[in-house]
Amino acid sequence: MPELPEVEVVRRGLERLAGQTVSTVEVLTARSVRRHLAGPTDFAARLAGRRLGGARRRGKYLWLPLDDDRIDDGDVLLGHLGMSGQFLVVGSQAPLESHLRVRLGLEPIRTGLELDLRFVDQRTFGGLAITTVTPSAHDGTVVPAPIAHLGVDPLEPTFDSERFSDRLRHRRTGVKRALLDQTLVSGVGNIYADEALWQARLHYARPTETLRRAEVGRLLAAVRSVLQDALGQGGTSFDALYVDVDGQAGYFERALAVYGREDQPCPRCGTPIRRHPFMNRSSYVCPRCQPRPRRARW
DNA sequence: ATCGTAGCCTGGAGGC
DNA sequence: TGCCTCCAGGCTACGA
């Protein structure tokens with residue numbers, strides 16, 4: 001389940017493609033380019049012959065700037081991994097993956113070294129699109145137009161902690177719901193939300209308007225520390241669905257304190273971890289470290 | 001405007 | 001063994 005750390009691992013892997021030129025484009029599953037409104041044919045036509053720039057990321061989105069010797073119109077190749085998306089850099093002769101959706105052939109840098117950039121996605125929640133760029137509504141950074149509304153992510157230098165605190169405390173909802181709202185802060189998903197709330201000793205249903213500034217500070221520090229630690233381990237893998245561009249899984253699952261650990265002891269106090277239904281999925285909490293607030297907001 | 005929910009999608013796990 | 005249901009969950013569209 002790729003969240004910010006997993007996407008960052010993939011971004012770093014894609015940086016090696018900077019300067020390479022796309023020679024061929026095959027869209028095997030039209031749904032995977034559904035965000036490219038002009039359709040799969042236009043997608044392929046606009047990508048072929050373009051030179052890839054260094055990979056960028058905000059939250060869970062990745063993009064590669066596109067140009068060539070004649071054109072620099074600010075177009076980018078924007079991608080989202082969804083639940084099960086993978087970007088793989090493999091030799092062009094490698095067997096086709098069963099859920100291969102989009103295949104980009106790259107011009108060989110030297111004879112005998114033909115590489116593909118492949119987008120593989122079992123559940124097809126992810127996808128690719130060619131888009132223009134525009135200033136972000138939040139910090140003015142130039143980003144792909146479809147994500148101009150997306151909040152700055154907590155590992156970016158332009159992330160404004162005071163603004164985050166103000167915006168969070170003006171919400172009238174539960175704190176986990178707010179953490180998962182990508183327009184408030186991007187990059188945090190269900191796994192790292194639970195981990196950060198546990199570290200900050202906050203219950204997921206704590207009403208945002210009752211949070212004190214110090215608690216928001218604790219929460220933000222926890223979010224950053226959990227994301228950084230996961231990044232240091234190469235991300236979290238529960239199955240073969242999250243891998244880096246070479247197909248390798250991360251190791252952070254071993255370090256998770258609560259997520260997926262129902263009935264196992266809290267690493268801090270030993271109380272068995274509980275799983276609660278939340279937004280049609282699950283929240284994992286330590287009932288002792290994270291007591292349910294008297295007034296709860298889901 | 002803000003908040004909350006349904007639906008998209010596939011394969012693995014577990015029950016019968 | 002095989003069929004069925006449930007579950008995973010990021011994001012968008014839509015309704016209240």
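Remember, predicted model here, so these are calculated numbers, not experimental data.
- Pairs passing the salt bridge (Lys or Arg N to Asp or Glu O under 4.0 Å) check and including a residue from residues 12-31 of chain A, sequence neighbours excluded, read A:E8-A:R12, A:R11-A:E15, A:R16-A:D246, A:E26-A:R103.
- Residue-to-nucleotide contacts include no donor-acceptor pair under 3.5 Å from the side chain of A:R297 to the base of B:dG4.
- For A:R34 and C:dT12, the CZ to P distance is 10 Å, given to the nearest whole Å.
- Look at A:R57 and A:D153 and you find a salt bridge, because one of the NZ, NE, NH1 or NH2 atoms lies within 4.0 Å of a carboxylate O, short of that distance.
- The main-chain N or O of A:P265 is found under 3.5 Å from a side-chain atom of A:R261 such that the two form a donor-acceptor pair.
- For A:T173, the side-chain atoms get nearest to B:dG4 when compared with the rest of B:dC3, B:dG4, B:dT5.
- What separates CG of A:L180 from P of B:dT2 is a distance of 18 Å, to the nearest Å.
- Rounded to whole Å, the distance from NE2 on A:H80 to P on C:dT12 is 7 Å.
- The pair A:E97-A:R118 meets the salt-bridge criterion, with a side-chain N (NZ, NE, NH1 or NH2) lying under 4.0 Å from an Asp/Glu carboxylate O.
- A:R172 has no side-chain polar atom (N or O) that falls below the 4.0 Å cut-off from OP1 or OP2 of B:dC3.
- Remark: side-chain polar atoms of A:E6 are paired, donor with acceptor, to backbone N or O of A:E3 under 3.5 angstrom.
- In this structure, the NE2 atom of A:H276 is 19 Å from the C1' atom of C:dA8, given to the nearest Å.
- Backbone-only contact: A:Y61 has heavy atoms under 4.0 Å from sugar-phosphate atoms and none from a base.
- Taking atom CZ of A:R58 as the reference point, atom P of C:dC11 lies 14 Å away to the nearest angstrom.
- With A:Y204 as reference, A:H276 is the one residue of A:Q290, A:R177, A:H276, A:R292 to meet the side-chain hydrogen bond (donor to acceptor under 3.5 Å, both in side chains) rule.
- One interatomic measurement links the two molecules: CD of A:E209 to P of B:dT2, which rounds to 14 Å at whole-angstrom precision.
- Remark on DNA chain B: of its neighbouring residues A:F125 and A:N280, the 5'-side contact belongs to A:N280, judged by nearest-heavy-atom nucleotide.
- Within the 3.5 Å criterion, the main-chain N or O of A:R212 finds a donor-acceptor partner in the side chain of A:E215.
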Protein-nucleotides 13-16 of chain C N/O pairs under 3.5 Å:
none

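- At whole-Å resolution of the value, CD1 in A:I191 and P in C:dG10 are 7 Å apart.
- Taking atom CG on A:D181 and atom C1' on C:dG10, their separation rounds to 12 Å, with Å as the unit.
- When the side-chain nitrogen and oxygen atoms of A:R177 are compared with OP1 and OP2 of B:dG4, one or more of them lie within a distance under 4.0 Å.
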Could you write out each protein N or O paired with an N or O of nucleotides 10-14 of chain B at a distance under 3.5 Å?
| unit_1 | atom_1 | unit_2 | atom_2 | d |
| --- | --- | --- | --- | --- |
| B:dG11 | OP1 | A:H99 | NE2 | 2.6 |
| B:dG11 | O4' | A:Q122 | OE1 | 3.3 |

